[in-house]
2 protein chains.
Amino acid sequence: MSGSMRIGVLAERAGVSTRALRYYEEQGLLSPERTPSGQRLYPEDAVERVEIIRGFYAAGLNSATIAAILPSVDAGRAEPGVLERLRTERTRIFASIAELQEAGRRLDQVIRLTVHPDPEHCPALRGQEPAAAGPAGP
Amino acid sequence: MSGSMRIGVLAERAGVSTRALRYYEEQGLLSPERTPSGQRLYPEDAVERVEIIRGFYAAGLNSATIAAILPSVDAGRAEPGVLERLRTERTRIFASIAELQEAGRRLDQVIRLTVHPDPEHCPALRGQEPAAAGPAGP
DNA sequence: CTAAGACTTGACGCCGACGTCAAGGGCAAG
DNA sequence: CTTGCCCTTGACGTCGGCGTCAAGTCTTAG
């Protein structure tokens with residue numbers, strides 16, 4: 001059947017290692033079925049599930065937190081306790097985004113100044129010119 | 001003089017541990033002066049510098065990368081080799097932001113559906129109702 | 001002066017998400 | 001049957017950004 005795959009196929013399709021998939025299972029994030037001989041069998045939608053999991057890891061959540069919220073993400077609704085958790089993590093994530101944006105802007109600034117060494121926008125050169133409006137003087 | 005401070009003061013003002021400050025120095029990110037007896041003395045702007053460093057760490061850069069780009073960030077312009085590095089990291093950061101935004105949206109979705117359990121927006125309940133526009137039927 | 005605290009270097013500890021090796025079992029092709 | 005590849009569990013290794021003692025030195029309030 002094309003509706004299930006073994007660990008190597010899922011690993012390739014999801015872009016992760018087989019070791020990572022076993023680790024996710026150990027952490028309670030995946031629960032594949034088993035063939036009689038013990039090999040793992042994953043359904044098709046495991047690919048998307050793994051991508052979601054990796055997204056949460058990338059967002060700074062640890063295994064326990066992901067395990068706590070993943071059922072609610074699947075269900076599309078959360079119990080009160082989990083809801084608070086979701087809000088906490090949401091806040092963390094958006095705060096983190098703001099930090100990343102600031103770091104990104106800082107790099108952009110240096111890149112721009114390097115590519116366009118424009119004294120008009122260089123604070124170190126401000127206040128040394130008279131109040132001339134035009135770029136080439138009057 | 002108020003123009004320099006010892007490590008404990010900087011740590012408190014920058015919101016990091018003294019251990020972290022010594023580590024940053026070990027990684028070449030800070031180069032405080034020393035009193036004759038060997039105690040570190042930081043200038044005022046070290047507070048901002050530490051905040052910048054922490055921002056880069058939060059953005060996923062490691063010590064070596066930060067050490068490589070920090071002089072250019074200070075100077076506001078970069079040598080060609082460093083410029084490429086800046087662009088690489090910039091790309092990484094904004095890709096990371098996009099991932100975080102997706103994770104955040106996913107959490108928001110669950111939060112919204114939990115707070116407003118609106119069948120109009122619940123895919124699992126779509127296509128089971130006849131094409132009725134009003135929420136309470138005709 | 002003295003005592004308390006802030007400071008120094010040095011070195012080991014930690015933790016989490018895997019990497020990696022080891023030693024075997026399962027399974028389709030020829 | 002064998003060959004070769006994928007799979008299994010188990011267990012140890014890694015790495016980076018610090019935390020955390022340890023043992024001694026400096027500074028400053030009183």
Side-chain angles (χ1 to χ4, degrees), chain A residues 1-2 4-42 46 49-70 89 92 96 99 103, chain B residues 1-2 4-43 46 49-70 89 92 96 99-100 103:
Chain A
M1 237 184 257
S2 69
S4 58
M5 49 194 153
R6 295 193 299 176
I7 195 171
V9 176
L10 175 58
E12 178 152 356
R13 289 180 55 181
V16 301
S17 67
T18 61
R19 177 66 176 91
L21 293 177
R22 296 195 188 96
Y23 178 75
Y24 297 163
E25 181 176 356
E26 193 180 319
Q27 302 301 307
L29 310 180
L30 294 175
S31 301
E33 295 181 3
R34 299 292 186 127
T35 68
S37 68
Q39 301 202 347
R40 293 170 177 82
L41 279 186
Y42 299 88
R49 191 179 179 84
V50 170
E51 287 166 356
I52 292 175
I53 291 171
R54 297 224 85 244
F56 285 147
Y57 275 120
L61 312 198
N62 60 22
S63 298
T65 303
I66 298 176
I69 73 177
L70 205 50
E89 296 305 327
R92 261 192 10 73
S96 179
E99 271 189 313
Chain B
M1 243 184 246
S2 69
S4 59
M5 49 194 152
R6 295 194 300 175
I7 196 171
V9 176
L10 175 58
E12 178 152 357
R13 288 180 54 182
V16 301
S17 66
T18 61
R19 178 65 176 93
L21 292 177
R22 295 196 189 96
Y23 178 74
Y24 297 162
E25 181 175 356
E26 192 180 320
Q27 302 302 307
L29 310 180
L30 294 175
S31 302
E33 296 182 3
R34 300 292 186 127
T35 68
S37 68
Q39 301 203 346
R40 293 169 177 83
L41 278 185
Y42 298 88
R49 191 180 180 84
V50 169
E51 288 166 354
I52 292 175
I53 291 171
R54 297 224 86 244
F56 285 147
Y57 274 120
L61 311 198
N62 59 25
S63 299
T65 303
I66 298 176
I69 73 177
L70 205 50
E89 296 304 327
R92 260 190 14 71
S96 179
E99 271 190 314
L100 291 208

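Below, chains carry the letters A, B, ... as their sequence lines are ordered, and counting in each starts from 1.
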Distance, rounded to the nearest Å, where [X] contributes [atom1] and [N] contributes [atom2]:
X	N	atom1	atom2	answer
A:Glu26	C:dA17	CD	P	11 Å
A:Glu25	C:dC18	CD	P	15 Å
B:Ile7	D:dC18	CD1	P	13 Å
B:Leu30	D:dC18	CG	P	12 Å
A:Phe56	C:dC18	CZ	P	15 Å
B:Leu61	D:dC15	CG	C1'	17 Å
A:Met5	D:dC7	CE	P	12 Å
A:Leu21	C:dT20	CG	P	16 Å

> A:Ala20 has a side chain; which of D:dT8, C:dC18, D:dC18 sits nearest to it?
Replying inline: C:dC18
> Picking from C:dC18, D:dC18, D:dT8, which would you name as closest to the side chain of A:Arg34?
Replying inline: D:dT8
> Under a 4.0 Å N-O cut-off, is there an ion pair linking A:Glu51 with A:Arg54?
Replying inline: no
Report yes if a side-chain nitrogen or oxygen of [X] is closer than 4.0 Å to either non-bridging phosphate oxygen (OP1 or OP2) of [N]; otherwise report no.
X	N	value
A:Ser37	C:dC27	yes
B:Tyr23	D:dC18	no
B:Tyr24	D:dG17	no

So what does [X] hit on the nucleic acid, given a heavy-atom distance under 4.0 Å: a base, only sugar-phosphate, or nothing?
X	result
A:Arg40	sugar-phosphate
B:Arg6	sugar-phosphate
A:Thr18	nothing
B:Ser63	sugar-phosphate

> If every non-hydrogen atom of B:Gly8 is compared with every non-hydrogen atom of B:Thr18, which pair is closest and at what distance?
Replying inline: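 Closest heavy-atom pair between B:Gly8 and B:Thr18: CA-CG2, 4.2 Å.
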> Is any side-chain heavy atom of A:Arg6 less than 4.5 Å from a side-chain heavy atom of A:Leu41?
Replying inline: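 Yes, their side chains come closer than 4.5 Å.
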>> Atom CD of residue position B:Glu26 - does it have more than 12 heavy atoms of other residues, nucleotides or ligands inside 6.0 Å?
In response: yes
>> Both B:Asn62 and B:Gln39 contact DNA chain D. Taking the nearest nucleotide for each, which residue is further toward the 5' end?
In response: B:Asn62
>> Both A:Arg19 and A:Leu41 contact DNA chain D. Taking the nearest nucleotide for each, which residue is further toward the 5' end?
In response: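 It is A:Leu41 whose nearest nucleotide is closer to the 5' end.
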> Do B:Tyr24 and B:Ser63 meet the criterion of a side-chain donor-acceptor pair at a distance under 3.5 Å?
Replying inline: no
